[in-house]
Amino acid sequence: MKKGYNKILILEIILLIFLLFNSFVFKIANTYVVTALLVPFLILMVVLTGFEKENFRNKKDVLLNIIICLLVYYFVTYLLGLFTGFIKNSYSLSFINIIKNTFPVILLIVVSELLRYEFFTKSKGSNVCFAIGYVIFVLMDVNLSVHIYDVSTYLGLTKMICLVVFPSITKNILLIFLTQKVGYSNAILYRLLTDLGTYLFPLFPDFGEYLNVLLKTILPIVIMARLNNMFNYYELRKIKTSRYNKRKLVVYTFITILLFVIVTLTSGLFTYQALTIGSGSMSPKIEKGDIVILKKVKKYELNEIKKGDVLVHNHDDKIIVHRVVEILNVNGQINFITKGDNNDTKDSWVIKEDEVIGVVKLKIKYLGMPTVALNELLNK
């Protein structure tokens, strides 16, 4: 083993011991603590081996592919959420709390990816350094979740392996691949795009923990396979510059923006949200299979709702889209009575303030037909 590798190996072994002790003895899962543990090792790596700036080709192409893959992933999962249902984010989405929750995560991501870059670019050719470095980064994920599972029991250990270790294995394979191919910046951006959603999205598809982990385990494999094909293409054609000409770049940009809009509308992240109509109660104005874009209504905006507006509201855990026919003032509270355009009678329930979701602002005909057809097929 080369002398340069010895320095890296010693640092890796010391860090590995620290992480093992924390995983099974101290069990401190605080993000700041884990970051503070990594910083001295990053500084030592830079002092002992130096720090080389990224000088990789195809960074932009790789980033574009990652963004497209992630947008497709979010689009598909949130589309499936229309059938499985959604769960609310347990984190507060106020601006101050978002900053408090995301800052330590961003800090950890940046520090750990810089350390990964140092470990795996300076230890090329050493299988021992590579293997220990890989174990270290899997252990980092275990450290952050170790307080959740009782690894002293068979059930707790099994759950930790299935829910933490398995997705960490594929995630770290992808991140090492990115680090070696295009440097640390794309690895950082990938983690920001995948990790911060936990603190930013108000709703998540309710797949259950095991199916959710299965999807997270498969995602890095799919992305790496796509990127690997891209690099093979470069190698076979011996292309030194980006293979995307301006026309292709415009097309990919359009697709990216379109997928981003679809994901944000279905996730409920912003004021406007997309909703598929599953019945003909509002025919002929709004048909079954149409998609409506609703504007969420806050409590202080309820007085802006008028007769004739198409109201989106909760009733018996179902989302109903019917037209407002009466507005009532009950003990200072604004209540609504609605009716489907295609129904003979008014709805038999009164809609209270906390049941109002929003008002329909736009209709897109037939775009939701595949969703309706699939839902009917699954419910036969």
Side-chain angles (χ1 to χ4, degrees), residues 74-86 202-203 205-206 254-255 257-299 301-330 333-380:
Y74 284 126
F75 170 70
V76 171
T77 54
Y78 275 85
L79 185 64
L80 291 174
L82 297 175
F83 309 109
T84 62
F86 293 90
L203 296 172
D206 187 12
F254 174 77
I255 293 172
I257 293 172
L258 179 62
L259 288 173
F260 176 77
V261 170
I262 292 172
V263 170
T264 53
L265 284 176
T266 55
S267 69
L269 179 61
F270 298 137
T271 301
Y272 290 89
Q273 183 176 348
L275 185 68
T276 302
I277 302 301
S279 76
S281 64
M282 284 297 292
S283 179
K285 292 292 185 180
I286 302 176
E287 298 285 0
K288 180 179 178 180
D290 291 348
I291 283 182
V292 296
I293 307 298
L294 65 97
K295 181 183 179 183
K296 295 179 182 178
V297 176
K298 297 179 180 179
K299 196 168 184 178
E301 298 173 320
L302 290 173
N303 59 353
E304 298 177 9
I305 299 174
K306 302 174 183 177
K307 289 184 181 180
D309 287 343
V310 178
L311 193 70
V312 183
H313 63 279
N314 279 311
H315 175 67
D316 290 340
D317 294 325
K318 293 181 180 179
I319 296 179
I320 309 294
V321 181
H322 281 175
R323 195 176 302 279
V324 176
V325 293
E326 288 185 40
I327 300 176
L328 309 174
N329 193 311
V330 181
Q333 301 288 314
I334 302 176
N335 293 349
F336 303 92
I337 294 178
T338 56
K339 174 183 175 296
D341 290 354
N342 198 34
N343 294 345
D344 295 328
T345 60
K346 301 175 185 178
D347 296 330
S348 59
W349 58 86
V350 176
I351 303 161
K352 299 178 181 178
E353 290 186 351
D354 58 356
E355 295 173 327
V356 174
I357 299 174
V359 175
V360 172
K361 293 295 182 180
L362 180 67
K363 173 186 68 176
I364 306 173
K365 293 192 69 66
Y366 311 126
L367 191 60
M369 286 301 297
T371 301
V372 173
L374 182 58
N375 187 42
E376 291 177 347
L377 180 65
L378 292 174
N379 289 312
K380 278 186 177 181

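Any value given below was found using the heavy atoms of this structure, including those in side chains, with hydrogens, waters and symmetry copies removed.
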With no hydrogens and no angle check, is any side-chain donor or acceptor of [X] less than 3.5 Å from a backbone partner on [Y]?
{"X": "Gln273", "Y": "Leu294", "result": "no"}
{"X": "Arg323", "Y": "Lys339", "result": "no"}
{"X": "Lys363", "Y": "Lys285", "result": "yes"}

About how many Å separate [atom2] of [Y] and [atom1] of [X], when rounded to the nearest 0.5 Å?
{"X": "Leu328", "Y": "Ile351", "atom1": "CG", "atom2": "CD1", "answer": "10.0 Å"}
{"X": "Ile291", "Y": "Leu275", "atom1": "CD1", "atom2": "CG", "answer": "8.5 Å"}
{"X": "Ile293", "Y": "Lys361", "atom1": "CD1", "atom2": "NZ", "answer": "13.0 Å"}
{"X": "Asp354", "Y": "Lys299", "atom1": "CG", "atom2": "NZ", "answer": "7.5 Å"}
{"X": "Leu80", "Y": "Phe75", "atom1": "CG", "atom2": "CZ", "answer": "9.5 Å"}

For a quick test of reading the model, state the closest non-hydrogen atom pair linking [X] to [Y] and the distance between them.
{"X": "Asp290", "Y": "Lys365", "result": "OD1-CA, 3.3 Å"}
{"X": "Ser281", "Y": "His322", "result": "OG-NE2, 2.9 Å"}
{"X": "Pro205", "Y": "Thr77", "result": "CG-O, 3.4 Å"}
{"X": "Phe336", "Y": "Leu302", "result": "CZ-O, 3.9 Å"}
{"X": "Asp347", "Y": "Ile337", "result": "O-CG2, 4.3 Å"}
{"X": "Val350", "Y": "Glu355", "result": "O-OE1, 3.6 Å"}

Enumerate the side chain to side chain donor-acceptor pair (under 3.5 Å) contacts for residues 302-315, please, sequence neighbours excluded, ordered by first and then second residue.
His313-Trp349
Beyond-backbone contact of Val359 with Lys295, side-chain heavy atoms, under 4.5 angstrom:
no
State, yes or no, whether a side-chain contact exists between Ile277 and Met282 at a heavy-atom distance under 4.5 Å.
no
Apply side-chain contact (heavy atoms from CB on, under 4.5 Å) to Asp206 and list each qualifying residue two or more places apart in sequence or on a separate chain.
Ile87
side-chain contact (heavy atoms from CB on, under 4.5 Å) partners of Ser283, counting only residues at least two apart:
Glu287, Asn342
For side chain to side chain contact (heavy atoms under 4.5 Å, CB included), just list the numbers for Val356 and Ile305, CA-CA rounded to whole Å, side-chain angles, deciding distance to a tenth of an Å, and then say yes or no.
CA-CA 10 Å; Val356 174; Ile305 299 174; 4.3 Å; yes
